Amino acid sequence: MLVVDDEPLARTGLRELIRKDPELEYVGDAADGQAAVEAIETLKPDLVLLDVQMPEIDGFGVIRAIGPESMPAVIFVTAYEEFALEAFRVHAVDYLVKPFSDAALAEALARAKKQRLAGRLGDLLDSVSRPAYLSRITVRVAQRVQIVRVADIDWIEAADYCAKLHVESSVHVVRVSLGALERLLDPTTFVRVHRSAIINLERLEEIVSDSSGDGTIVLTDGTKVRLARSRRAAVDRLLGRAF
């Protein structure tokens with residue numbers, strides 16, 4: 001089981017309660033949504049205790065990043081009742097409102113052992129009134145936290161388990177894989193052009209083909225990004241081209 005909460009004391013308390021149950025294995029915790037996505041992709045937990053309001057990517061953003069079909073079972077833990085009501089309407093495993101008792105958590109864990117969440121997380125995301133795609137990303141710059149508007153991103157580059165956001169002359173590194181970011185961004189604006197790159201179509205200046213079938217995308221600032229042959233059809237389709 002993975003614990004995701006931006007409050008250190010909350011993570012510690014949940015960890016201690018989980019370890020009291022001999023049927024559960026605690027595999028780790030995460031302090032924010034970006035770390036949660038990485039931990040879920042790496043550790044493959046069967047169950048996640050997931051906070052809703054967190055910096056950078058919230059709990060619902062974590063589900064979108066992983067994909068409802070790949071997301072493990074979830075028990076939401078939050079201080080916000082309005083999201084709990086929506087969760088119960090679509091039969092989430094459970095939604096615990098802080099502060100909750102040890103008994104309430106034990107009951108939720110018992111329910112999670114018996115239930116499968118297949119097909120329900122998608123309904124949860126559809127029913128909760130939240131933005132479908134990211135509009136802002138929080139990044140750390142030295143000792144400051146800076147907000148990057150997604151519309152200002154020129155292109156995104158893979159960097160191991162992280163991604164580099166290219167915004168004009170600046171580059172920001174976020175702890176989210178390129179695949180996870182791809183699922184969080186509007187696919188009509190941001191398109192994967194290579195296994196290691198996503199571009200903002202609003203910045204596309206021209207496409208230069210080569211004899212191999214691959215190509216090069218030239219952005220409005222002159223940046224050149226490789227275009228894989230396997231991605232060419234998707235780019236042409238979004239540009240309204242039939243060839």
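None of these values were measured; they are calculated from a predicted model. This chain uses plain numbering: 1 for the first residue, then up along the sequence.
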(request) Please tell me if the side chains of Phe100 and Leu105 come closer than 4.5 Å, counting only heavy atoms from C-beta onward. (result) yes
(request) Give a yes or no on whether a salt bridge exists between Asp5 and Lys98, defined as a side-chain N under 4.0 angstrom from a carboxylate O. (result) yes
(request) Report yes if the side chains of Leu185 and Val150 come closer than 4.5 Å at any heavy-atom pair, otherwise no. (result) yes
(message) Using every non-hydrogen atom in the two residues, find where Pro45 and Val27 come nearest and quote the distance to one decimal.
(response) CB-CG2, 4.2 Å
(request) Would you kindly confirm whether Ile40 and Leu43 end up in one hydrophobic cluster when ILVMFWY residues are joined by side chain heavy atoms under 4.5 Å apart? (result) yes
(request) For Arg195, look at atom CZ and say whether over 12 heavy atoms of other residues, nucleotides or ligands are found less than 6.0 Å away. (result) no
(request) List the steps, then state whether side-chain contact (heavy atoms from CB on, under 4.5 Å) holds for Leu24 with Leu109. (result) CA-CA 9 Å; Leu24 298 175; Leu109 294 174; 3.6 Å; yes
(message) Can you confirm whether Trp155 sits close enough to Ile198 that some side-chain heavy atom of one is under 4.5 Å from a side-chain heavy atom of the other?
(response) no
(message) Please say yes or no: joined through hydrophobic side-chain contacts below 4.5 Å, possibly via intermediate residues, are Ile153 and Val218 part of one cluster?
(response) no
(message) Taking side chain to side chain donor-acceptor pair (under 3.5 Å) as the definition, give me every residue that meets it alongside Asp51, ordered by chain and number, with sequence neighbours left out.
(response) none
(request) Measure the spacing between CD1 of Ile156 and CG of Asn200 and express it to the nearest 0.5 Å. (result) 8.5 Å
(request) Inspect the surroundings of CD in Glu206 and state if more than 12 heavy atoms from other residues, nucleotides or ligands are less than 6.0 Å away. (result) yes
(message) Can you give me the closest heavy-atom contact between Val48 and Pro72, atom names plus distance?
(response) CG2-CG, 3.5 Å
(message) Can a side-chain donor-acceptor contact be found between Arg226 and Ser196 if the only test is distance below 3.5 angstrom?
(response) no
(message) In the structure I gave you, are the side-chain heavy atoms of Phe190 and Ile199 within less than 4.5 Å of one another anywhere?
(response) no
(message) For Asp32, is there an ion pair with Arg175 - N to carboxylate O distance below 4.0 angstrom?
(response) yes
(message) Using a strict threshold of under 4.0 Å (side-chain N to carboxylate O), is an ion pair present between Lys44 and Glu38?
(response) no
(request) Any chance you could measure Asp29, atom CG, to Leu14, atom CG, to the nearest 0.5 Å? (result) 9.5 Å
(message) What I'd like to find out is whether the side chain of Gln34 reaches to under 4.5 Å of the side chain of Val174, using heavy atoms alone.
(response) yes
(message) For the backbone of Cys162 and the side chain of Asp160, can you confirm whether one donor and one acceptor N or O come within less than 3.5 Å of each other?
(response) no
(message) Between Phe76 and Val52, is the side-chain contact (heavy atoms from CB on, under 4.5 Å) condition met? List the steps.
(response) CA-CA 7 Å; Phe76 291 100; Val52 174; 4.2 Å; yes
(request) Applying salt bridge (charged side-chain N to carboxylate O under 4.0 Å, His left out) between Asp154 and each of Arg149, Lys164, Arg203, report the one that passes. (result) Arg203
(request) Over all heavy atoms of both residues, which pair between Ser209 and Arg232 is shortest? Give the atoms and the distance, please. (result) OG-NH1, 3.0 Å
(request) Give a yes-or-no answer on whether the side chains of Arg15 and Tyr26 include a donor-acceptor pair shorter than 3.5 Å. (result) yes
(request) Starting at CZ of Arg136, measure out to CD1 of Ile57 and round the result to the nearest 0.5 Å. (result) 13.0 Å
(request) Please examine the side chains of Ile66 and Val37, heavy atoms only from C-beta on, and report whether any two atoms are closer than 4.5 Å. (result) yes
(request) May I ask whether Ile217 and Leu239 are part of the same hydrophobic cluster, defined by side-chain heavy atoms of I, L, V, M, F, W, Y residues being less than 4.5 angstrom apart, directly or through others? (result) yes
(request) Write down the atom of Asp210, the atom of Gly215, and the distance for their closest heavy-atom approach. (result) OD2-N, 4.0 Å
(message) Rounded to the nearest 0.5 Å, what separates atom CG in Leu219 from atom NZ in Lys224?
(response) 11.0 Å
(request) Ignoring hydrogens and angles, tell me if any N or O in the side chain of Arg183 forms a donor-acceptor pair with the backbone of Ala65 under 3.5 Å. (result) yes
(request) Measure the shortest side-chain to side-chain distance between Asp214 and Leu227 over non-hydrogen atoms and say whether it is less than 4.5 angstrom. (result) no
(message) Quick check: do Leu178 and Glu182 have side-chain heavy atoms less than 4.5 Å from each other?
(response) no
(message) Evaluate Arg231 against His194 for side-chain contact (heavy atoms from CB on, under 4.5 Å), listing each step before the verdict.
(response) CA-CA 7 Å; Arg231 304 282 179 173; His194 188 270; 5.6 Å; no
(request) State whether the number of non-hydrogen atoms from other residues, nucleotides or ligands found under 6.0 Å of Asp221 atom CG is greater than 12. (result) yes
(message) Once rounded to the nearest 0.5 Å, what's the spacing between atom CE of Met1 and atom CD1 of Ile18?
(response) 4.5 Å
(message) I need the minimum non-hydrogen distance between Gly179 and Arg192, along with the two atoms involved.
(response) CA-NH1, 4.0 Å
(request) Test side-chain contact (heavy atoms from CB on, under 4.5 Å) on Leu50 and Ile75 and set out the steps. (result) CA-CA 6 Å; Leu50 182 62; Ile75 295 173; over 6 Å; no
(request) Could you grab the distance from atom CG of Leu238 to atom OG1 of Thr189, nearest 0.5 Å is fine? (result) 9.0 Å
(request) Please report the closest heavy-atom contact between Arg11 and Ala30, naming both atoms and the distance. (result) CD-O, 3.6 Å
